Peer 1: 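First the structure, then my questions, so here it is.
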Amino acid sequence: MSQTLTSPLETKGGVRRYGLFIDNEYVTPSIDSYIDVTNPATGQVWAKIPDASAADVERAVTSARRAFEGEWAGWRAADRAKFLIRFGQAIADNADEIAQLQVDENGKLIREMAGQARLMPEYFNYYAGLAQMPTGNTNPLHLKDIFNYTVREPLGVVAAITPWNSPLLLLVWKLGPALAAGNTVIAKPSEVTPVSTLRIAELAAEVGLPPGVFNVLTGLGTPGAALTTHPQVDKVAFTGSTATGQAIASQAGKTLKSVSLELGGKSPNIVFDDADLDSALNGLIAGIFGASGQTCMAGSRILVQQSIYDNVVSELVTRTERIRVGNPQDTTSEMGTIASKAQYDKVLHYIEVAKNEGARLVAGGEPARVDGLEDGLFIRPTVFADVRNDMRIAQEEVFGPIAAVIPFTDEEDAIRIANDTEFGLAAGVWSNNIQRAHRVAAQLRAGTVWINNYRKTGYSTPFGGFKQSGVGRENGPNALLEYTEEKSIWVDTGQGVKDPFNPRA
């Protein structure tokens, strides 16, 4: 039988032990099994989190269903909006702590995590406004004396399964519209980055969210799989790899759950010979080496027009070799760690794959050493030139700081290469010819296309992919619709049914 802990965590030997977060309190798991959380910059274990069992999932789902059908159901849209604003303010008030927790979890730069922490309240403010906007319609009909209108209602219990690269921002993308629409949420963060999610669940409880509306289950594969197949879970919102997304869609289909999937990418960043090369090179660097390349939208395929290819490769190498790989806590560092040992090994493996395929290594290609952090998972930013688009390094998502540079001849060739992948998440186009830029953007099979910039997102505009990069959209006004069901209501305003066998009578 689970017992409530007397405090959110216990500390033994400098290691914090957490519980599951259910009904606004920390509870011990049904099985005494815990997972280490390791700081990838130091190699030190600093927290332990429960590996939730199927019994723990059942408890969380029961809690969320009870909340959905109970107190939370009585909250008006205006009440939900006020809560979201309070929640956002609580995150703003604790932004430094929230940023630090994520750095300790995944080794991303403190300056990037601090920026995300400051941005997250704006998402909640945005969805607070949308929560009070009308989402239904009145519909003109072909029938006399019949009035029809539609309403949008919450789906119910939402499972939000999130990755380790931007654990809180990608949770907020789901949590904001889900709560605004009136759903309850069970978050299942990556086992690599669970503590920051537990912390913002605490904040939600502290500012008045009813018990059960936002629960957190931590662990390896069991809680995610159990949520995906549970008959009382109405939607799965997932961000992660395409392979895992495909498995989730298949499992969720057995109970006809709603799903939204933001999956992998192998995004082309296309440089034409009429581009502003200084700006383009900055965009190429940001596109692939920002967040140590650990982002689904990474511009990992750099397509360069043949007439400027040698010049761009040379300058890209020069700038890449100047990137400061260092302590994520240091605000002068420009690239931090790889998030986990498993991912570190995967990136190094792909470097060897690229070499064996005949790609030309022109920068990086090996671990980086940082003074004082000898056990850290650092890899030098890496550039391969003369890559063919049929190479694995050009077709498979690495999720690390590896750029594959591919030459192209003309506009038609660039579009052909860019679209020659199973993915379709994002793309970049660099050209001072605005007609060309729009023309190319229109032909790229990608959910987001940046022109003369890269790696920008915002709460008011949709994000998601084509092809194997996902289903559904996050952010923007229509994200609210992803968390609702549409109901059509017919009202007879005349004399009622006159002939049961003639619906037009």
Side-chain angles (χ1 to χ4, degrees), residues 1-5 8-10 12 15-40 45-65 101-102 104-106 157-168 170-171 174-175 184-202 204-205 212 214-233 235-241 243-245 247-248 251-252 257 261 339-343:
M1 183 70 177
S2 298
Q3 297 177 353
T4 301
L5 295 176
L9 54 85
E10 297 175 348
K12 295 181 180 179
V15 177
R16 292 178 258 180
R17 183 169 69 89
Y18 288 83
L20 305 169
F21 197 83
I22 301 174
D23 279 332
N24 282 4
E25 58 189 10
Y26 282 99
V27 298
T28 56
S30 60
I31 298 174
D32 188 24
S33 177
Y34 288 81
I35 300 166
D36 290 344
V37 180
T38 303
N39 185 321
V45 174
W46 63 277
K48 291 180 178 292
I49 51 100
D51 188 6
S53 68
D56 298 319
V57 172
E58 193 65 38
R59 179 174 182 180
V61 173
T62 299
S63 164
R65 177 61 58 182
L101 285 173
Q102 292 179 94
D104 291 342
E105 290 175 323
N106 69 9
V157 178
V158 173
I161 304 176
T162 53
W164 44 259
N165 57 325
S166 288
L168 291 191
L170 296 176
L171 173 62
K174 299 161 180 57
L175 194 58
T184 57
V185 177
I186 303 170
K188 195 285 173 187
S190 166
E191 68 276 8
V192 175
T193 55
V195 178
S196 56
T197 298
L198 290 166
R199 178 59 182 134
I200 72 160
E202 290 178 30
F214 180 26
N215 297 327
V216 180
L217 293 170
T218 60
L220 296 170
T222 295
L227 288 169
T228 300
T229 57
H230 200 291
Q232 291 297 309
V233 172
K235 177 183 174 70
V236 179
F238 171 75
T239 299
S241 73
T244 303
I248 286 173
Q251 293 163 1
K257 298 185 194 313
L261 308 169
S340 69
K341 182 61 165 59
Q343 188 62 24

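We count residues from 1, following the sequence as given. Remember, it's a predicted structure, so these values are computed and weren't measured experimentally.
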Peer 1: Does a donor on one side chain sit under 3.5 Å from an acceptor on the other, for Lys341 and Thr38?
Peer 2: no
Peer 1: Please check: side-chain N/O of Asn106 versus main-chain N/O of Trp164, any donor-acceptor pairing under 3.5 Å?
Peer 2: yes
Peer 1: How long is the gap from OH on Tyr18 to CD on Glu10, to the nearest 0.5 Å?
Peer 2: 12.0 Å
Peer 1: Using only heavy-atom distances, determine whether the side chains of Thr193 and Gln102 contain a donor-acceptor pair under 3.5 Å.
Peer 2: no
Peer 1: Testing Val157, Val158, Val61 one by one against Leu227 for a side chain to side chain contact (heavy atoms under 4.5 Å, CB included), which residue passes?
Peer 2: Val61
Peer 1: Can you list the steps and then say if Thr239 with Lys174 is a side-chain hydrogen bond (donor to acceptor under 3.5 Å, both in side chains)?
Peer 2: CA-CA 10 Å; Thr239 299; Lys174 299 161 180 57; 2.6 Å; yes
Peer 1: So which of Thr62, Thr229, Leu217 actually passes side chain to side chain contact (heavy atoms under 4.5 Å, CB included) with Val57?
Peer 2: Leu217
Peer 1: Show the numbers, then the answer: is there a side chain to side chain contact (heavy atoms under 4.5 Å, CB included) between Leu220 and Ile35?
Peer 2: CA-CA 8 Å; Leu220 296 170; Ile35 300 166; 3.5 Å; yes
Peer 1: Report the C-alpha separation of Gln232 and Arg65 in whole Å, then their side-chain angles, then the decisive distance to 0.1 Å, and conclude whether the side chain to side chain contact (heavy atoms under 4.5 Å, CB included) test is met.
Peer 2: CA-CA 7 Å; Gln232 291 297 309; Arg65 177 61 58 182; 3.1 Å; yes
Peer 1: Which class fits the ring pair Tyr26 and Phe21: parallel under 30°, tilted 30 to 60°, perpendicular over 60°?
Peer 2: perpendicular
Peer 1: Got a donor-acceptor contact below 3.5 angstrom from the Ser190 side chain to the Pro163 backbone?
Peer 2: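 Answer holds: no.
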Peer 1: Can you tell me how far CG of Asp104 sits from CZ of Arg16, rounded to the nearest 0.5 angstrom?
Peer 2: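 Reported value, rounded in 0.5 Å steps: 7.0 Å.
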Peer 1: How many angstroms lie between atom CG of Asp23 and atom CZ of Phe214, to the nearest 0.5 angstrom?
Peer 2: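 Atom-to-atom, Asp23:CG and Phe214:CZ are 13.5 Å apart.
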Peer 1: Can you tell me if Arg17 uses its side chain to pair, donor with acceptor, with the backbone of Lys12 under 3.5 Å?
Peer 2: no
Peer 1: Donor-acceptor pair, Asp51 side chain versus Gly219 backbone, under 3.5 Å?
Peer 2: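 Pair absent, no side-chain N/O of Asp51 close to backbone of Gly219.
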Peer 1: Measuring from Glu191:CD to Ile49:CD1, what's the distance to the nearest 0.5 Å?
Peer 2: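 Reported value, rounded in 0.5 Å steps: 7.5 Å.
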Peer 1: For the backbone of Pro50 and the side chain of Thr218, can you confirm whether one donor and one acceptor N or O come within less than 3.5 Å of each other?
Peer 2: yes
Peer 1: If you measure from NE2 on His230 to CD on Glu58, what distance do you get to the nearest 0.5 Å?
Peer 2: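 Spacing of NE2 (His230) from CD (Glu58) equals 3.5 Å.
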Peer 1: Would you name the heavy atoms of Val236 and Ile161 that are closest together and state the gap between them?
Peer 2: CG1-CD1, 4.0 Å
Peer 1: Just verifying a value: how many Å separate Asn24 CG and Asn215 CG, rounded to the nearest 0.5 Å?
Peer 2: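 Between atom CG of Asn24 and atom CG of Asn215 there are 8.0 Å.
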Peer 1: Asp36 side chain to Val45 main-chain N or O, any donor-acceptor pair under 3.5 Å?
Peer 2: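 Such a contact is absent between Asp36 side chain and Val45 backbone.
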Peer 1: Is there a side chain to side chain contact (heavy atoms under 4.5 Å, CB included) between Val233 and Thr228 once you walk through the steps?
Peer 2: CA-CA 7 Å; Val233 172; Thr228 300; over 6 Å; no
Peer 1: With a 3.5 Å distance limit and no angle check, can you tell me whether Glu105 reaches the backbone of Ser196 through a side-chain donor-acceptor pair?
Peer 2: yes
Peer 1: Check whether Thr244 reaches the backbone of Gly240 with its side chain - one donor and one acceptor, N or O, closer than 3.5 Å.
Peer 2: no
Peer 1: Run Leu168 and Arg199 through side chain to side chain contact (heavy atoms under 4.5 Å, CB included) and show every step you take.
Peer 2: CA-CA 10 Å; Leu168 291 191; Arg199 178 59 182 134; over 6 Å; no
